[in-house]
Amino acid sequence: MLNAEKTEDRMDYLNGLNDEQFKAVTYGDGPILILAGAGSGKTKVITLRAVHLIKTGKAKPYNILGLTFTNKAAREMKERIRKALTGIGSDDVDYGLPYFSTFHSFCLKLLRRHADLIGYSKSFAIFDDDDSSKMLTKIIKSLNIDIKIVAPSKAKYFIEKSKNSYINFEEARETVKPWEKNYAAIYEKYSKRLRENNAMDFGDLIFNVVKLFQTNSSVLEHYSNLYKYIMVDEFQDTNFIQDKLVKLLADKYKNICVVGDDDQSIYSFRGASIDNILSFEKVYSGCSVIKLEKNYRSTRIILNAASSIVKGNKFRKDKTLRTDKYSGSRITVYQANSDYSEGYFVAREIRRLINEDGYSNKDIAVLYRANSQSRILEDKLMKASIRYSIYGGLKFYQRKEIKNILSFLRFAANPRDVVSFERSVQCVPIGVGEKTLRAITDIASKNGTDILVALKSGLLGFVRGLNTPTLLEDRTYPDNKNNGSYNNKPGIANYFDIILKLKADMEDKVEDGPGIGVRLADMIAFIYKASGYEAMLKNGALKADELDRNRIENIGELINASHEFESIVDFLDQSAVDDFRENLNDSGKDATNVSLMTIHSAKGLEFPVVFIVGLEERLFPHARSLDNELSLEEERRLCYVGITRAKEKIYLTWSKKRRSGKEYKYNMPSRFLREIPENLIEEIVDTYEYY
DNA sequence: TTCTCTAAAATTTTT
DNA sequence: TTTTAGAGAA
């Protein structure tokens with residue numbers, strides 16, 4: 001099986017694997033389910049399995065597809081594989097790399113190639129949450145539904161849920177409960193609008209690939225043959241449609257390897273269904289199951305505390321993690337009088353860990369349930385001069401200034417994208433409000449053209465006060481004192497020129513040269529200047545220069561980042577499904593900082609010292625999950641995930657009162673604290689009255 | 001009609 | 001504390 005004689009000298013990557021891991025890495029063809037407990041070397045197994053397939057000649061790198069949920073995970077795995085492949089035997093083979101990516105990036109790549117087969121143009125736009133919400137709010141209003149009765153966020157959730165279950169709006173209309181009629185109507189209009197805009201949202205990326213596969217067997221055939229070996233990371237987090245996608249692809253060869261841990265399933269709100277992992281064995285008969293139960297990360301005390309919590313769950317596969325790390329300090333539980341003193345304690349303790357215990361900033365993470373908890377922590381860490389980085393929260397590409405600038409590019413690339421049009425035309429006040437906007441979109445829908453054509457035909461009307469469309473070449477700019485005319489919109493003429501210029505730049509491909517004719521960075525700089533956005537930020541009136549300066553800096557960073565891209569589409573795609581700043585996390589810049597993040601975003605990471613703050617009833621477990629046994633169990637798993645991030649030392653803190661909005665709320669300690677055996681705990685009670 | 005300022009509301013987790 | 005909605009000013 002291993003070809004041991006021939007390749008023995010080049011198989012040293014198999015050294016140091018335990019029996020379970022070895023079995024998983026070297027397992028041959030056919031379906032395999034790897035139940036990997038926290039810290040059991042899951043990433044190692046999945047990456048070495050890919051390496052092993054390549055090294056033993058079973059598969060070419062391009063025959064392997066690895067699907068993950070985060071870009072970070074995908075990058076990390078690719079990097080490990082690259083190192084393993086070039087580290088050994090690099091003398092004789094020029095190995096390519098297997099394709100590891102997130103579900104969303106993978107689907108996006110396929111759709112860019114085959115969008116026409118499902119009735120989209122290949123230049124389709126991708127709407128992020130913000131774009132979708134904007135559109136939904138408008139749709140709800142246009143349907144005369146009171147926004148207080150159907151909140152856009154609720155409608156969005158309904159639509160996401162439907163798409164995650166592979167239910168289109170026609171089916172939703174048929175099957176929906178009577179009291180959900182509004183939602184179905186919104187879903188229908190939303191779907192049609194997206195089509196008109198030549199746009200897809202995140203859910204569509206996966207939905208449409210499944211549709212593509214189901215309606216075009218030759219396409220499915222092609223990718224099934226290409227990706228003979230499929231691996232899925234964090235399989236417990238897959239939802240119905242992701243599972244379906246994987247099954248479609250893997251159906252032909254059934255060389256499917258999924259890795260997951262039901263105890264770490266924390267994304268059910270996103271549609272993840274634990275059933276996918278629980279029923280895997282049934283779906284693939286003859287499937288092998290390998291359990292990785294040896295933990296290489298945490299001390300026994302940490303592991304015991306974590307398992308005693310998660311054992312309270314009814315719905316789980318029984319498993320027990322073991323470790324060799326018997327010594328270790330007890331768990332510190334800190335009871336604070338207020339959220340401020342909680343933050344103060346964390347800062348003080350981190351200072352002590354660094355000064356006295358020999359830890360450095362990068363060894364330490366502070367985890368919380370909700371992003372809003374980070375503010376006080378930041379404040380206290382800053383006051384204690386502790387360097388920190390915050391992860392999660394607002395992504396770089398979601399920032400207003402970045403979205404504003406990019407909306408010009410997005411609109412130029414896809415002139416049917418009304419959302420980007422509105423954003424770009426309004427981000428700098430040029431006298432275009434609701435009415436003007438409506439006038440333009442009306443022209444577009446009446447004539448069945450895209451926005452740009454409508455803008456062109458409407459433009460002279462705006463400039464000269466004429467209603468008849470005139471040839472673009474005949475256009476003259478207003479001189480602001482022109483023949484006493486009405487309806488002057490010099491700003492819109494300028495805006496139109498910007499878009500035209502961008503469009504021309506995009507089409508100006510230098511055939512025999514590299515990349516695009518005009519560099520992306522120049523285009524962005526041009527937008528920044530010509531739109532007046534720069535002037536607006538720099539002359540930013542009297543207030544908030546701090547914020548404006550930040551924005552100016554961010555735009556500079558955007559321009560820097562844009563240098564690396566070869567095409568507009570690549571750049572826009574990346575901005576939609578990836579965040580280049582995540583790249584910085586693993587290495588370099590942030591290596592010297594304490595990490596602040598939510599427990600969700602800490603999944604997959606490890607730190608010598610971990611603080612989990614805010615262990616209070618109604619915060620963790622969160623109030624919204626208290627009425628439901630299933631969601632309470634998920635909170636418990638979340639707690640399990642948080643604790644198992646720690647290698648050596650863990651602090652759990654809670655506060656008797658916490659400010660929420662204007663007032664203080666008084667909370668009880670989290671039930672999770674009670675679920676940890678007392679002999680594992682060392683308790684400290686806050687003596688600070690204020691802070 | 002558009003822009004700006006003030007007041008109120010809102011806060012789980014994410015590709 | 002930040003974002004959004006509504007009202008008044010230009």
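Lettering follows sequence order; numbering is per chain, from 1.
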Phosphate oxygens OP1/OP2 of [N]: is one of them under 4.0 Å from a side-chain N or O of [X]?
| X | N | result |
| --- | --- | --- |
| A:Thr598 | B:dT14 | yes |
| A:Thr436 | B:dT1 | no |
| A:Asn371 | B:dT13 | yes |

Under a 3.5 Å cut-off for both distances, is B:dT14 Watson-Crick or wobble paired, and to whom?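 Result: none.
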
Mind calculating the distance between [atom1] ([X]) and [atom2] ([N]) to the nearest angstrom?
| X | N | atom1 | atom2 | value |
| --- | --- | --- | --- | --- |
| A:Gln398 | B:dT15 | CD | C1' | 10 Å |
| A:Asp578 | B:dT15 | CG | P | 9 Å |
| A:Gln373 | B:dT13 | CD | P | 9 Å |
| A:Arg637 | B:dT13 | CZ | C1' | 13 Å |
| A:Leu111 | B:dT15 | CG | C1' | 14 Å |
| A:Arg438 | B:dT2 | CZ | P | 12 Å |
| A:Glu234 | B:dT15 | CD | P | 12 Å |
| A:Ile430 | C:dA10 | CD1 | P | 22 Å |

At under 4.0 Å between heavy atoms, what does A:His104 touch on the DNA or RNA strands: base, sugar-phosphate, or nothing?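 Here A:His104 touches the bases of the nucleic acid.
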
Need one value for A:Tyr267: base, sugar-phosphate or nothing, where a base atom within 4.0 Å counts as base even if backbone is also close, heavy atoms only.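 Sugar-phosphate, no base atom in range.
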
Taking side chain to side chain donor-acceptor pair (under 3.5 Å) as the definition, give me every residue that meets it alongside A:Lys247, ordered by chain and number, with sequence neighbours left out.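 Checked A:Lys247 against side chain to side chain donor-acceptor pair (under 3.5 Å); matches are A:Asp243.
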
Side chain of [X], heavy atoms from C-beta onward: which of [options] has the nearest atom to it?
| X | options | answer |
| --- | --- | --- |
| A:Arg375 | B:dT14, C:dT1, B:dT15 | C:dT1 |
| A:His600 | B:dT4, B:dT15, B:dT14 | B:dT14 |
| A:Phe269 | B:dT2, B:dT15, B:dT13 | B:dT13 |

Going by atom types only, do A:Tyr640 and A:Gln264 share a side-chain donor-acceptor pair under 3.5 Å?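 On atom types as modelled, these side chains do not qualify, holding no pair under 3.5 Å.
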
Not counting sequence neighbours, list each pair that qualifies as a salt bridge (Lys or Arg N to Asp or Glu O under 4.0 Å) and has a residue in residues 422-432 of chain A.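 Of all non-adjacent pairs touching residues 422-432 of chain A, those that pass salt bridge (Lys or Arg N to Asp or Glu O under 4.0 Å) are A:Asp130-A:Arg423, A:Lys138-A:Glu422.
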
Do A:Arg375 and A:Glu378 meet the salt-bridge criterion of a basic N to acidic O distance under 4.0 Å?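 The answer is no: the pair does not qualify as a salt bridge.
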
Does A:Arg636 come within less than 4.0 Å of A:Glu675, counting only side-chain N to carboxylate O?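 Salt bridge flag = yes for A:Glu675 with A:Arg636.
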
On DNA chain B, check which nucleotide each of A:Leu437 and A:Leu638 is closest to and give me the residue with the more 5' one.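 The 5'-side residue here is A:Leu437.
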
Atom C1', compared across C:dT4 and B:dT13: separation rounded to whole Å: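 So the two C1' atoms sit 23 Å from each other.
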
